[in-house]
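Keep in mind that the numbers below use all heavy atoms, side chains included, and drop hydrogens, waters and symmetry copies. In this chain, residues are counted from 1 in sequence order.
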Amino acid sequence: MSFIRRAARSGRYALAVALILTASACNKPPAAQQMPPPAVQVVHPIEREVTEYLFYNGTTRGQKQTQVRARVPGYLEKVHFLPDRYVKEGEVLFTIDQRQYRVAVERAEADVAGKKAEVTRAKSEFDRLQTLVTQNAASEQELINRRADYDSAVAALQSADAALSTAKLNIEFTEVKAPFGGRVSRNLVDKGTLVKADDDTVLCTIVDDDVIYVYFNPSEREFLDYLKAHPNSRKTKENQDVEPTLIDVGTQNDVGFPRPGVVTAVNNTVDVGTATIEVRGELQNTDKQLAPGLTVRVRATMGYAKSILIPDVAVQADPRGQFVYVVNDKNIVERRSVQAGQQVGPFRRILDGVKVEDRVISNGLMMVRIDAPVNPTLVEPPPLPTTVPSSTQPTTQPSHSAS
């Protein structure tokens with residue numbers, strides 16, 4: 001009987017343990033479900049011909065720009081203009097005291113009159129003696145002497161005429177006139193100041209700003225690259241067959257480069273100190289928004305080339321450099337290092353790193369992880385700008401940071 005009771009108790013104990021284990025299994029939470037791969041949008045890079053640009057800082061200068069100085073000395077008597085106004089060519093800007101120059105003209109005129117009388121007397125003597133020689137009443141030597149007196153009187157008259165012309169020219173120079181039409185500065189010398197002729201005293205400056213020059217300095221390497229691409233550009237005019245280099249200019253408060261121009265001159269030597277060469281562009285200033293002395297941004301058109309383009313938002317950057325995320329044939333994300341170039345509208349030019357058959361992630365970048373699966377959807381890239389080939393950003397480093 002004891003054995004039977006012990007067996008019964010063991011059976012009840014085993015049953016209880018089984019019931020407890022079953023209840024624990026029923027109360028265990030279900031296994032967590034695996035999250036689906038994140039959805040991303042991908043694009044194929046596109047190949048297009050785009051303009052190749054180089055970017056520089058430049059300075060502006062008026063096409064005509066000069067410092068006005070006095071050509072005769074004297075006291076400044078009058079200022080005839082208002083600062084920052086346009087003056088016409090030949091317009092009187094300053095008047096220098098003319099009294100001493102009028103006296104000089106009168107003295108020169110009197111000298112001319114005296115010399116004319118000498119010429120008349122010498123001519124009369126020469127003619128009279130010439131008649132006497134024909135009558136054998138005078139010697140040939142006397143005739144030669146009278147001829148010399150007459151020639152000397154004529155030369156003296158010519159010298160007096162030249163002195164009179166100089167005196168009249170000096171009195172004309174007392175009116176300091178604009179050498180060309182343009183915008184005049186303030187007067188740098190006040191009334192009553194003693195000015196000297198052709199010295200360092202600048203009376204004012206004049207700038208013709210209808211056309212503005214812009215100067216910039218490509219490097220020696222860029223200059224050599226240009227010569228290689230345009231081998232006829234440094235030949236004589238008769239052999240030149242090169243389209244002019246186009247430039248676009250922007251001021252510090254312009255968006256982009258809204259002011260078109262053209263290169264009109266390249267210096268004949270490379271500066272050995274800076275390893276650069278000076279280039280001059282020319283642009284119209286019809287809106288008068290440019291002034292000499294500005295620092296401007298210059299975009300020079302260097303040519304056209306086939307290029308790979310991807311949306312600019314797809315280009316990332318981290319301490320290791322520029323990169324994009326691509327999706328491989330197994331829908332796994334890969335990091336691809338790239339060499340990015342200029343921006344072309346909403347696109348970024350890619351010099352190296354991707355091909356047209358790659359799938360580049362353009363949307364959903366915050367959700368991707370390298371070597372992790374994604375659910376890609378192929379979409380059309382944004383439309384190209386109507387002005388392509390073109391560029392709007394001088395930087396080659398995108399502003400986006402890695403996610």
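- Counting heavy atoms from C-beta outward, I308 and K355 have side chains that stay 4.5 Å or more apart.
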For I46 and F347, what are the C-alpha separation, side-chain angles and deciding distance, and is it a side chain to side chain contact (heavy atoms under 4.5 Å, CB included)?
CA-CA 10 Å; I46 59 176; F347 291 86; 3.8 Å; yes

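- Contact between P311 and P382 at its shortest, heavy atoms only, is CG-CD, 4.0 Å.
- Neither side chain, Q339 nor D352, offers a donor N or O lying under 3.5 Å from an acceptor on the other.
- Note that R297 lies outside the cation-pi zone of F55, set by a 6.0 Å cut-off to the ring centre and a 45° limit from the axis.
- Contact annotation: the side chain of V211 approaches that of Q284 to within less than 4.5 Å [non-hydrogen atoms, C-beta and beyond].
- Taking CZ of F94 as the start and NZ of K78 as the end, the distance is 13.0 Å to the nearest 0.5 Å.
- Evaluation of the ring-ring contact (aromatic ring centres under 6.0 Å, His included) test over residues 181-221, restricted to residues two or more places apart or in two chains, returns Y56-F216.
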Would you be so kind as to tabulate the donor-acceptor pairs closer than 3.5 Å made by side chains of residues 175-184, with sequence neighbours excluded?
| unit_1 | atom_1 | unit_2 | atom_2 | d |
| --- | --- | --- | --- | --- |
| R183 | NE | D209 | OD2 | 3.4 |
| R183 | NH1 | D84 | OD1 | 3.0 |
| R183 | NH2 | Y86 | OH | 3.3 |

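- Here the straight-line distance linking atom CZ of R146 with atom CZ of R128 works out to 7.0 Å at 0.5 Å rounding.
- A donor-acceptor contact shorter than 3.5 Å links the side chain of T60 to the backbone of G293.
- The backbone N or O of R121 lies less than 3.5 Å from no partner atom in the side chain of S124, so there is not a single donor-acceptor pair.
- A donor-acceptor pair under 3.5 Å is absent between the side-chain atoms of S152 and the main chain of A148, judged by distance alone.
- Here R336 pairs with D358 under the side-chain hydrogen bond (donor to acceptor under 3.5 Å, both in side chains) rule; sequence neighbours left out.
- Between the CD atom in E357 and the CG atom in D329 there is a gap of 12.0 Å [rounded to 0.5 Å].
- With Y325 as the partner, the side chain to side chain contact (heavy atoms under 4.5 Å, CB included) test is satisfied by one option alone out of V40, I370, V42: I370.
- Side-chain atoms of D208 come within 3.5 Å of backbone atoms of D210 as a donor-acceptor pair (strictly under, hydrogens ignored).
- Legend: residues meeting salt bridge (charged side-chain N to carboxylate O under 4.0 Å, His left out) with K123, ordered by chain and number and at least two apart, are D127.
- With sequence neighbours left out, D151 forms a side chain to side chain contact (heavy atoms under 4.5 Å, CB included) with R147.
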Assess whether side chain to side chain contact (heavy atoms under 4.5 Å, CB included) is satisfied between T95 and H80, documenting all intermediate values.
CA-CA 8 Å; T95 299; H80 296 273; 2.6 Å; yes

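- Salt bridge status for R107 with D111: absent, with no side-chain N to carboxylate O gap under 4.0 Å.
- For N331, the side-chain hydrogen bond (donor to acceptor under 3.5 Å, both in side chains) partners are R359, not counting sequence neighbours.
- The structure places OG1 of T276 at 10.0 Å from CD of E222, a figure rounded to the nearest 0.5 Å.
- For E118 and K115, the salt-bridge test fails: no basic side-chain N is under 4.0 Å from an acidic carboxylate O.
- When all heavy atoms of G74 and Q100 are compared, the pair lying nearest together is CA-NE2, 4.4 Å.
- In terms of the side chain to side chain contact (heavy atoms under 4.5 Å, CB included) criterion, residue partners of T205 (sequence neighbours excluded) are, by chain and number, Q67, S185, V202.
- There is a side-chain donor-acceptor pair under 3.5 Å between D254 and T251.
- For R186, there are no salt bridge (charged side-chain N to carboxylate O under 4.0 Å, His left out) partners at least two apart in sequence or on another chain.
- Q252 CD: more than 12 foreign heavy atoms inside a 6.0 Å radius.
- Side-chain atoms of H44 and L378, non-hydrogen and from C-beta on, do get closer than 4.5 Å to each other.
- Listed for the Q316 side chain is a donor-acceptor partner under 3.5 Å among the backbone atoms of V313.
- Qualifying ring pair (Phe, Tyr, Trp, His ring centres under 6.0 Å) partners for Y150, counting only residues two or more places apart in sequence or in other chains: none.
- Side-chain contact check for L164 versus V105: some heavy-atom pair is nearer than 4.5 Å.
- Of all heavy-atom pairs between L157 and V112, the closest is CD1-O, 3.6 Å.
- Residue Y53 comes nearest to Q342 through the heavy atom pair N-OE1, 3.6 Å, listed as atom of the first residue, atom of the second, then distance.
- Annotation: salt bridge (charged side-chain N to carboxylate O under 4.0 Å, His left out) contacts of R335 (sequence neighbours excluded): D318.
- In this structure, CD on Q322 lies 13.5 Å from CZ on R320, to the nearest 0.5 angstrom.
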Side chain to side chain contact (heavy atoms under 4.5 Å, CB included) evaluation trace for D271 with E278
CA-CA 8 Å; D271 189 321; E278 184 182 68; over 6 Å; no

Could you walk me through whether R48 and R349 pass side chain to side chain contact (heavy atoms under 4.5 Å, CB included), step by step?
CA-CA 10 Å; R48 291 289 188 277; R349 184 183 178 195; over 6 Å; no

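- Under the side-chain hydrogen bond (donor to acceptor under 3.5 Å, both in side chains) criterion, R99 pairs with D97, sequence neighbours left out.
- Without hydrogens or angle criteria, T120 side chain to K116 main chain gives a donor-acceptor distance under 3.5 Å.
- With sequence neighbours excluded, no residue forms a side-chain hydrogen bond (donor to acceptor under 3.5 Å, both in side chains) with D371.
- The nearest pair of heavy atoms linking I96 to V72 is CD1-O, 3.5 Å.
- By the 4.5 Å heavy-atom criterion applied to side chains, I350 and P45 are not counted as neighbours.
- At least one side-chain heavy atom of R259 sits less than 4.5 Å from a side-chain heavy atom of L290.
- In this structure, K88 places its NZ atom where only 12 or fewer heavy-atom neighbours from other residues, nucleotides or ligands lie under 6.0 Å away.
- The CD1 atom of I247 lies 9.0 Å from the OG1 atom of T301; values are rounded to the nearest 0.5 Å.
- Looking at heavy atoms from C-beta onward, L54 lies out of side-chain contact with Y226 at the 4.5 angstrom threshold.
- The nearest pair of heavy atoms linking G261 to L283 is CA-CB, 4.0 Å.
- No side-chain heavy atom of N328 sits less than 4.5 Å from a side-chain heavy atom of V326.
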